[in-house]
Amino acid sequence: MTLPPRWGVVARDGDDVVVVVTLGDDLVELARERCAPRDWPALAASAPADVRWVWSDTSRWYPQVLAAGTTLRRCHDLRLCHAVLRLSALVDAPDALRAATEWDAAPAEAERAPTLFDLADGAGAEVPDDLASVLAEFHRQQQALADAPAAARLRLLLGIESAGALLAAEMHAAGVPWSRAIHERLLEESLGPRPTPGVHPQRVQELAETVRAALGDPTASLDSQPKLLRSLHRAGVLAQSTSRWELQEYDHPVIAPLLQYKKLTRLASANGWAWLDEWAPDGRFRPVYVPGGVVTGRWASSGGGALQLPRQLRPAVRADDGWMLVVADVAQLEPRVLAAMSGDAALAQAARGRDLYEGIVDSGVVATRQEAKIALLGAMYGATTGDSGRLVPALRRAYPRAMALVDEAATVGEQGGVVTTWLGRSSPAAGAGWRDVQGVAAAPEAAEADRAHARRSARNRGRFTRNFVVQGTAAEWALAWLADLRGELAALPPVEPGADAPASGPVFGRRAHLAFFLHDEIIVHTPAVHAEAVAAAVRRSADRATRLLFGGFPIDFPLDLRITADAGKA
DNA sequence: AATACAAGCGCG
DNA sequence: AAAGCGCGCTTGTATT
């Protein structure tokens, strides 16, 4: 430890910005300055490095700091923390926190001015950012934490949630190093030369001709599902839909070229040349991450499709000259989290130091790895039919504690209750519509159709809450991993600037930085001299996240990790 | 002409 | 082999 923890506040004050720095938890004021909006990042940067900055919304304030060429170490994002505290079953929050307020607004979008439409319906509206509102909300949150019996877990959750918000802004600013040349080569190999806009690429046109010939219909429309389905029926393919998994059941010469046609049109429209020009014009892919964007606590994304980057395009993620990528993902994150949070020693044992699914097979629970995977996913998702549903009972016998945890979460959800993750994020309460459906079905005179509807609705909600506890706790583990790693990377010394202006900008052009995060995998872009140190840090952070959440429980989270110049290699 | 929805497919 | 969780995006079609 160096200095005691300090708080800082950044808020709007009329047309100015006010920066307050305080000492300790008692909020004794140390310094207060007013300045023009463009000058506050310099003020904040001159404060002690361990200040925890309280502000309304990280996406509202932090990009300005990054644009000014600096970073901040810690923050308390009032909007995100409000969202957690408002719903958490672990706090006895006052009504002022519980009630829906202006603090429930959507995140600010830095790129886009709010329109009247946005303000009218609340979507895209910003949370308050004036000093009085910010201090009032901060005190409400501190009070709620002071009264909470499980405050330690909640404080951890709020801390990693806020660190994630900093990181989301930083990763957007730094970008994923993206090779336009490799992307273009992949497109040309699959699709042919770049077509003029509005025209199908050459390979797609050739496939379309092959498909139409196989259909015996030279004018068949392939891009309209109803028309395509009718053409297929005329050719004797009596599918119910045009989805891939159904079509591939049929043995007909049209199927193979049609599936290839769908694959290539998808590539061209979702990640083709237009995408490249829009999202990686300068050799950096900058997706907009939305921390806390999913109810379970996972991040969402908006723009660029960061969560859907096809594996096919991963080779285009390429380190700069003299730099390397450290690519790491957790094998079977969610089942491991389930083993730990349920205290299921048998499942934890099956997971230890190896492929968890192989561990289940070795324990004699099911016969093959594929069966183990299907069974476990089915247990966490609530499958009742098919192979998955058939295999779940064997799992229930072998791992009763783990299965009891997800079964209990499902039961609570079916009854309209709230479930909570390991660190204290609670699921939303059942909505009025859902309760109405159950109420109607409970009446003595209810029709059988109403009862069936209510049962289906209850099961649906049960599957959601069943998965919520696992997916949400997995998101917490991942955030803890990221937050710790972010600190480790910041402690590495920067390298000398290269001859060219660094594509990652003044902040990240000289030091290792996180470049990508997707649920259970990360990519760090690092000067090559630090690659080994970064790899070690990635592993240390994962171990610390495990101990931070689950203490001494004997569970491990092994990483698949490689140091590479491009992220495409297996 | 603008908007909402469904299908389909990409990711974990 | 195709059921069960959470997302975002594009396209075509239906609605207004």
Side-chain angles (χ1 to χ4, degrees), chain A residues 117 121 198 200 221-229 239-250 258-259 261-272 274-275 278-279 287-314 329-335 337-338 368 370-371 373-392 395 406-407 409-410 413 419 421 427-428 456 459-475 477-478 516-522:
Chain A
F117 173 81
D121 76 351
H200 274 321
S221 167
L222 308 186
D223 297 324
S224 159
Q225 289 148 12
K227 290 174 185 168
L228 174 59
L229 199 54
Q240 301 291 307
S241 77
T242 64
S243 65
R244 183 167 57 91
W245 66 264
E246 187 176 353
L247 289 180
Q248 70 188 14
E249 297 305 304
Y250 290 84
L258 178 55
L259 294 181
Y261 174 89
K262 289 160 78 80
K263 192 180 179 66
L264 293 189
T265 50
R266 162 86 193 187
L267 174 64
S269 66
N271 296 101
W275 182 94
E278 183 177 358
W279 288 101
V288 178
Y289 295 97
V290 185
V294 181
V295 279
T296 58
R298 274 187 174 183
W299 289 12
S301 74
S302 115
L307 278 61
Q308 313 150 252
L309 209 57
R311 303 201 73 81
Q312 194 183 355
L313 256 41
R314 296 287 173 97
D329 67 86
V330 193
Q332 304 111 23
L333 173 59
E334 290 190 0
V337 159
L338 173 57
T368 67
Q370 185 62 14
E371 283 184 339
K373 182 175 179 176
I374 287 177
L376 206 41
L377 290 176
M380 292 188 300
Y381 293 166
T384 54
T385 62
D387 284 350
S388 189
R390 184 167 53 76
L391 291 164
V392 169
L395 232 49
V406 287
D407 288 344
V419 296
T421 62
S427 63
R456 195 163 53 246
R459 294 272 159 73
N460 287 346
R461 190 162 190 279
R463 284 195 304 276
F464 165 65
T465 52
R466 169 189 292 271
N467 188 247
F468 181 97
V469 292
V470 179
Q471 187 184 118
T473 303
W477 185 94
F516 188 71
F517 166 53
L518 181 55
H519 307 322
D520 63 359
E521 64 176 298
I522 58 170

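The chains referred to below are lettered A, B, ... by the order of the sequence lines, with proteins before strands, and numbering in each begins at 1.
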Is the backbone of A:Val470 close enough, under 3.5 Å, to the side chain of A:Thr473 for a donor and an acceptor to pair up by distance?
no

Could you tell me whether A:Leu309 contacts a base, only the sugar-phosphate backbone, or nothing, with contacts defined as non-hydrogen atoms closer than 4.0 Å?
sugar-phosphate

Mind checking if A:Gly303 touches a base, just sugar-phosphate, or nothing, with heavy atoms under 4.0 Å?
sugar-phosphate

Rounding to a whole Å, what distance do you find between A:Leu518:CG and C:dG6:C1'?
12 Å

Interatomic distance, A:Leu222 CG vs C:dG12 P [rounded to whole Å]
11 Å

So for atom CZ, which belongs to A:Arg459, do other residues, nucleotides or ligands contribute more than 12 heavy atoms lying within a distance under 6.0 Å?
no

Take atom CZ of A:Phe468 and atom P of C:dC7, then tell me their distance rounded to the nearest Å.
11 Å

Residues passing the ring-ring contact (aromatic ring centres under 6.0 Å, His included) test with A:Phe468, sequence neighbours excluded, are A:Phe464

Does any residue of residues 380-389 of chain A have a heavy atom under 4.0 Å from DNA chain B, and if so, which ones, in number order?
none

For atom CZ of A:Arg314 and atom P of B:dC11, their distance in whole Å
8 Å

Set of side-chain hydrogen bond (donor to acceptor under 3.5 Å, both in side chains) partners for A:Thr465, sequence neighbours left out
none

On DNA chain C, does the nearest nucleotide to A:Trp279 precede the nearest nucleotide to A:Glu334 from the 5' side, or the other way round? Give the residue.
A:Glu334

Nearest whole angstrom, please: distance from the P of C:dG4 to the CG of A:Leu391.
16 Å

Residue pairs involving residues 303-313 of chain A (criterion salt bridge (Lys or Arg N to Asp or Glu O under 4.0 Å); sequence neighbours excluded):
none

For the pair made of CH2 in A:Trp477 and P in B:dG12, what is the distance, rounded to whole Å?
16 Å

Less than 4.0 angstrom between a side-chain N/O of A:Ser224 and OP1 or OP2 of C:dT11, yes or no?
no

Starting at atom OH of A:Tyr289, determine the distance to atom P of B:dC11, rounded to an integer number of angstrom.
16 Å

Audit row: A:Leu222, A:His200, side-chain contact (heavy atoms from CB on, under 4.5 Å) steps and yes/no
CA-CA 12 Å; A:Leu222 308 186; A:His200 274 321; over 6 Å; no

When all nucleic acid strands are considered with a 4.0 Å heavy-atom cut-off, which category describes A:Asp223: base, sugar-phosphate, or nothing?
sugar-phosphate

Nearest-nucleotide check on DNA chain C, A:Val295 vs A:Pro226; residue mapping nearer the 5' end is A:Val295

Selection residues 373-386 of chain A - residue pairs positive for salt bridge (Lys or Arg N to Asp or Glu O under 4.0 Å), sequence neighbours left out
none

Can you check the A:Arg459 CZ to C:dG4 P distance for me, whole Å?
12 Å

Any donor-acceptor pair, under 3.5 Å, between the side chain of A:Arg298 and the base of B:dG12, if you only look at N and O atoms?
yes

According to side chain to side chain contact (heavy atoms under 4.5 Å, CB included), who are the partners of A:Trp275, at least two apart in sequence or on a separate chain?
A:Trp178, A:His183, A:Asn271, A:Trp279, A:Phe285, A:Leu309

Can you tabulate the close N/O pairs, meaning under 3.5 Å, that link protein atoms to atoms of nucleotides 5-9 of chain B?
residue	atom	partner	partner atom	Å
B:dA7	O4'	A:Gln225	OE1	3.4
B:dA7	O3'	A:Gln225	OE1	3.3
B:dG8	OP1	A:Thr242	N	2.9
B:dG8	OP1	A:Thr242	OG1	2.8
B:dC9	OP1	A:Arg244	N	3.2
B:dC9	OP2	A:Arg244	N	3.0
B:dC9	O2	A:Arg266	NH1	2.8

The criterion is side chain to side chain contact (heavy atoms under 4.5 Å, CB included); which residues satisfy it with A:Gln248, sequence neighbours excluded?
A:Arg244, A:Leu259

Under 4.0 angstrom, heavy atoms only, what part of the nucleic acid is A:Arg311 near: base, sugar-phosphate, or nothing?
sugar-phosphate

Mind checking what makes side chain to side chain contact (heavy atoms under 4.5 Å, CB included) contact with A:Arg298, not counting sequence neighbours?
A:Val294, A:Thr296, A:Glu334, A:Gln471, A:Ala475, A:His519

Side chain to side chain contact (heavy atoms under 4.5 Å, CB included) against A:Ala270, all qualifying residues, sequence neighbours excluded:
A:Arg266

Residues passing the side-chain hydrogen bond (donor to acceptor under 3.5 Å, both in side chains) test with A:Gln332, sequence neighbours excluded, are A:Arg336, A:Asp355

Any base atoms under 4.0 Å from A:Gln248, or only sugar-phosphate, or nothing? Heavy atoms, all strands.
base

Please report how far the helix from B:dA1-C:dT16 to B:dG12-C:dC5 bends, comparing the axis fitted to its first five pairs with the axis fitted to its last five, to the nearest 10 degrees.
10°

